[in-house]
Every structure is written in C-alpha cells, then in structure tokens.
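Every chain is numbered from 1, with letters handed out A, B, ... down the list of sequences. As the structure is a prediction and not an experimental result, all values here were calculated from the model. Computed over heavy atoms, backbone and side chain alike; hydrogens, waters and symmetry mates excluded.
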Amino acid sequence: MKLTAKSIIRRYSCTRSRKDSPGSFYSWAETQVMMQYNQLARFVEINNSSFLNYPYQLIDNPADLETALEPFIAAKIIGIDCETSEGIDPYQAKIRLVQLAIPHHPVIIIDLAAIDSSDLSPLRQLLKGNALKVGHNLKFEWMMLAQAGLKPSRPFFDTYLAYRVLTAGLKCSLSLEAAAAQLLNVKLDKKLQTSDWSGELTTAQLQYAAIDAAIVLPLRTNLKRQLKKALLWSTALLEFACLPAVAQMELNGMWLDKQQWQLLKEQLEAQQKALERELSSLQIPSPNKQICLLPEFTNSINLRSPKQVLAALQAQGIPVSSTNTQALIPLVNEYPIIQALLDYRSLSTRISTFAEGLVQHVHPVTERIHPNWFQIGAKSGRFSCREPNLQNVPRNPATRQCFKPASGHVLLKADYSQIELRIMAKVSGDMRMIAAYSKGEDLHKLTASLVLGKSLSEINSSERQLGKIINFGLIYGMGAKKFKNMAQAEHGRVLSLEEASQFRKRFFESYAGIAEFHKHIRRSWLQGIRESRTLGGRRRLWSKDSQPLLNEMLNNPIQGLSADITKLALAKLFAPLNRTGARLICVIHDEILLECPIAEVEPVKALLKCSMVEAGDKFLTPIPCEVEIQMIESWGG
DNA sequence: ACCTAAAGCGCC
DNA sequence: AAACGGCGCTTCAGGT
C-alpha cells in the first residue's frame, strides 16, 4: 500500500468504522423499551409531576427471589441500580437494595438486608450471565456488587459513559437526572438518593429506587441511536469494554510504605527550612522599615504569595514583572536567589500536596490508596484521577520508591515508547517519520540532526534532549517564543528568537507530512468546524460560546488516540489478567502498572506486552508499536 | 466564616 | 490574537 501524506490525511478526515454505520434497525426488545418509555413520558405529561409511579415488586425473602428472577433469565438486556447504606465507599458501605429492570415488567427490588448472602445464588447467576447490563455509572455498581460477592459480567452499557462519549468537550451535567431530563424529557426527583437506606424503607424510597433502574433502559435506547448517528458507537463499546478493568483497578488500590513516606517528608521539610534561611533577604519593601524593631515579625514575606514575592524581588533590583517559572528561569544564573526561590516553591508542592496530602488517602480498611478513576475524565478521552491524583506523583526516585507491591509480589511497569510521536507519524503519514520508525531509528536524534544540520552519528545526548523538546513542542503548534523559553528552561540552551524560529522552520521543512497535517487542521479550524476526531472515531466538541483554539485541535487527534490505544489494551487485558494472580493498580496515560506474584512474572509480562502491542498495532500499523516492560521492587525502580 | 479565580507545580 | 495539549491539588487574594 502506498502511503502519502495526502492520502493518509484524506483517510484521517473521513475515518469511518464499520460498526459505526448508521441506519441500523432496532430489535424487538428495544422497540418494547421505546413503547414503555412512551407510556412513561405520557404519564409525566399528564401528571406534570416530578414524582413518577412505576410498578415494582419488593423481594425480601429467598423463596420469592428465585421466582421473581425467572422472567429475567431469558432477558437480553437488564437495567441495574443499587442503593447503599453507610456511604458509597465500596469497602465500608453496604448494598441495601439491588434493583433490576426489564421491559414490561415490574422492577424487582431485592432487599439484601433481608436475604442471607448464601441465598443469593439466583441473583449471582443472573449477574454472571450474558445479558447486557445497563446502568448509570456502572463502575459504582460493579465495585459494590463485586464486594458483595456478586461481580457482574460483561457486556455492559453505561449510560453515564455513553452520555460523556456523546458530549465530550461540552460542559454539561452527566447525572442521571440531567440525562433523563435532556434525552427523555423526564424529570427525576433525586432528593431520596442520599436518604437513609439502612432502616425501614418508605414507599417513596422504593418508588425512587424502582425508577432509577427502569429509566436506564429507554435512556440506553436513546443514547445508542445518537451514538450510532454520530459515528461514536465503537468508541462507546471501547469504553464499556474498559469499564470493569477500571472498576477493578479502583478496588485494588496501591500500597504506600507509610514509614518510608514519613522519612521522606522529614527530609523535604529540612531542605525547605534551609531554603527559607537562604531566602530571608527577601523582605517586605517598606519605606519606613527601619522603625521595625523586630524584623522577624515584620519584614519576612510569605514565599508562597506571588504578590509579595514579586514586590520583594523588585525591591532587590531584580527586573521581573511576573514570578512564574518561565519568567524567572532566564535570571537563574545572574541571581542565585532565584534558584532558591524556585526550589522552595517546588518543595512546597512536594510537601503539601504529596508528603502531607497523599498519606491522608490511605484507606483505613485496606491500608492502600484507592483514588477515584474517571475513564473519560479529560476532553480528549484520557483518564483523570482524583482523591488523590496518582497520575502526577513526582518522578524522583525517593518519592516513587515508597510505592511498593504487597509481599511476595513485584511491580510490572509497562510503557508505550514515544506513543504520541508514533501517532503523529501515523495520522500525518509523514514519510520521513515512517521510514525512521520502520528502520528503528531514534526520532529525537533524527530531529536534532535535521534541525542542527548534522549527521545522526554526530548528535550527542544533549543535542538529542533538544530534539525531544522540539518534537514534543512543535507537533502541537508551539510558537517560536515559547520554544525559546522552553529550550532554556528544560535544556539550558539559550537561543535568540531568530534561532528559535529558524529551528521551527527547519522542523516543518524536514517533516513535510506534519506541516501538511497542521495545514489540514488549520483549514478546518478556519472554516469554523467545532469538532475533532481521533482515528478511532472518538469525538471532541466545542460549545458555541467557546472558540476552539487551533492548538487544541492540533493536539486532540494525537492525545485522544493515545487514550484509545491504552483503553483497548486495558479491555484486552481484563479477562486474561483475572485468570492470574496479578492485579491492575495504576494507569498513567501511556503507562500501565501491575502488581504481580513473583511466581507469575513471566506469563503476566507476556500477557501485558501482547495486550498493549496488539492495541497499538490496531491503530498504528505500519508504524511499529514498542512497549517496554520493567520488573521492579518499587515504583521508583 | 465560606466561596471563587488565579497562580503555581506535579505528571504524561 | 491563536500562538504546545491534557489533567488535580494547594495556597493566596479578594470578594460576599
């Protein structure tokens, strides 16, 4: 197959997945769901009330359970919801109710407080079955059910993820309430969601519980139609396939050596104290400061306050108009105090956010850290992670060495090598990049040689570093000025603005495919197009009240496809990984971290590599996909 | 006393 | 004015 920049761009711009083809028909079951929805909608209209009546059957004994679930055994699609008591932490909360919905049937509400877990096997079998489980934010249900010994099996349809796939980039509420209102014109009353589900339940509570399970069925029908119409069906399927891996990862958590962490904290605090002394000359500029008799109370400034720091620096005659790092870096050599200030601020973050902050999230029950993972947390489709964010733990070894596997285990750390650069090579079809990757050449070295006008063998490690900055900056539209600053800040190489813009020019001359790719995106940006797609079909929208930035549109296809690839790897990994003793514990965009029993290292390594490479190959061919796997005793190596 | 925006810094 | 992109957390500063 002949690859040219134009042909790839053309293909890129009209990428269609077969599975996304519109005009699909609906099954009988789906038609029934729509009829049910129509009845529901009519009811709302007539009553003009936020409270909906919906038939349900409360099951509070083992004998009724088996009978009640009979109609569900043959069902292909089941709406699922849970209500919990004692909070929403899967390690502390308890499931009170499991609600199950199928079309034209009362919702079955199972009271787990009234049924012994040994009598739940009909429910367990049902959840293990092949029916499509539909719910809103199923990660929560999955974790709760898994903790109750009722782990549900694929396939899943998560209306929350589906709604996010459909609206990625837009600011809108993704709650079930908002989705039902927006897509079905049904008003749900969520006031009871946080009510007490531990004691005697009221009719209103049961009614609320029933509606939540029932509503996801028409919601799914609506979302499926819209996803197919928007050519987002394969993206949604990818998210659904990835969901159980994410839920399991959140349950697994990550172990932190608290004692070692405490030692680290003390070291950082000592370093900070030393810097504070070094920075004591930074004082409040005051015209009458000589009247202050107790300078330690009056003249010292708050080093975390940009406003006070700016005034103090200016008082020392240092020519600054801003205290941000970019502005201060060029002054580091001339004024030693600047470096101390930068170090101080860095230490402040490492102490408050990490040394003090992270340890507060060690779970009292598991003694591990279980962050909230959001599999579509970013507009590009990337994951985000909160409370705490494990995706921005400082890289320095002393910090990461505190993250360790359980005893008898090691960590397996797998990284995609230069994934975004490879994606750029793929989507732009740049001939030089394709040739370099197929020969196994080092792209950073290549860029340095092209821009500096030297042969590959002449490039030293410092020049390669410059090539790296050029590669990662310029492919996303960095301007000459920012590039100049970055070359100095991260590489220590002082460039004039002319040199910087000369390098930039040579970069795009050397990689004509990238230049062409940028032109193509710029054209659609100029036309006022408000969406961006990845090669996998994932879409990001811009709302009408926010003008898309060109650089956002340049970046999205790259960053978004990287997310697609990682998610596909996780989806492939999930089932086979569960047949081993290894556990997924962390995902940092292009890095996957497993905790693996020592005895199983070799097979798990092979499985991990295979899943990731297969996922990469699906989108990157003919660009080779490289995955590096390390077996380590701690995250720090 | 509490809320919000911005600055700053950590990561990919 | 469009000028690397994507996040989350803590602190400060100014407001109600």
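- Qualifying salt bridge (Lys or Arg N to Asp or Glu O under 4.0 Å) partners for A:D590, counting only residues two or more places apart in sequence or in other chains: none.
- Of the candidates C:dC9, B:dC12, C:dA2, B:dC12 carries the atom nearest the A:I588 side chain, counting heavy atoms from C-beta on.
- Contact check, A:T323 against B:dG8: a side-chain N or O comes under 4.0 Å of OP1 or OP2.
- At B:dC9, none of the side-chain N or O atoms of A:R304 fall inside 4.0 Å of OP1 or OP2 (strictly under the cut-off).
- For the pair A:N392 CG and B:dC11 P, the interatomic distance rounds to 8 Å; values are reported in whole Å.
- For A:R522 against C:dA2, a side-chain-to-base donor-acceptor contact under 3.5 Å is present.
- Residue A:G477 is the one, among A:R540 and A:G477, whose nearest nucleotide of DNA chain C lies closer to the 5' end (criterion: closest heavy atom).
- In this pair, A:W261 and A:F403 present their aromatic rings perpendicular. The plane angle is above 60°, beyond the 30 to 60° band.
- Taking the centre of each ring, A:F507 and A:Y511 come in below the 6.0 Å mark.
- Listed by residue number, A:M478, A:G479, A:K482, A:M486 are the residues of residues 478-491 of chain A with a heavy-atom contact under 4.0 Å to DNA chain C.
- Within residues 370-386 of chain A, the residues having any heavy atom under 4.0 Å from DNA chain C are, by residue number, A:A378, A:K379, A:R382, A:S384, A:C385, A:R386.
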Next item on the list: Using the salt bridge (Lys or Arg N to Asp or Glu O under 4.0 Å) rule, take A:E420 and A:R382 through it: C-alpha gap first, then chi angles, then the decisive distance, then the call.
Entry: CA-CA 13 Å; A:E420 296 204 351; A:R382 267 191 181 180; 3.5 Å; yes

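- Computed from coordinates, the A:I351 CD1 to B:dG8 P distance equals 19 Å when rounded to whole Å.
- Checking the phosphate oxygens (OP1, OP2) of B:dG10, a side-chain nitrogen or oxygen of A:S346 falls inside 4.0 Å.
- Below the 3.5 angstrom threshold, one finds no donor paired with an acceptor across the side chain of A:E552 and the base of C:dG5.
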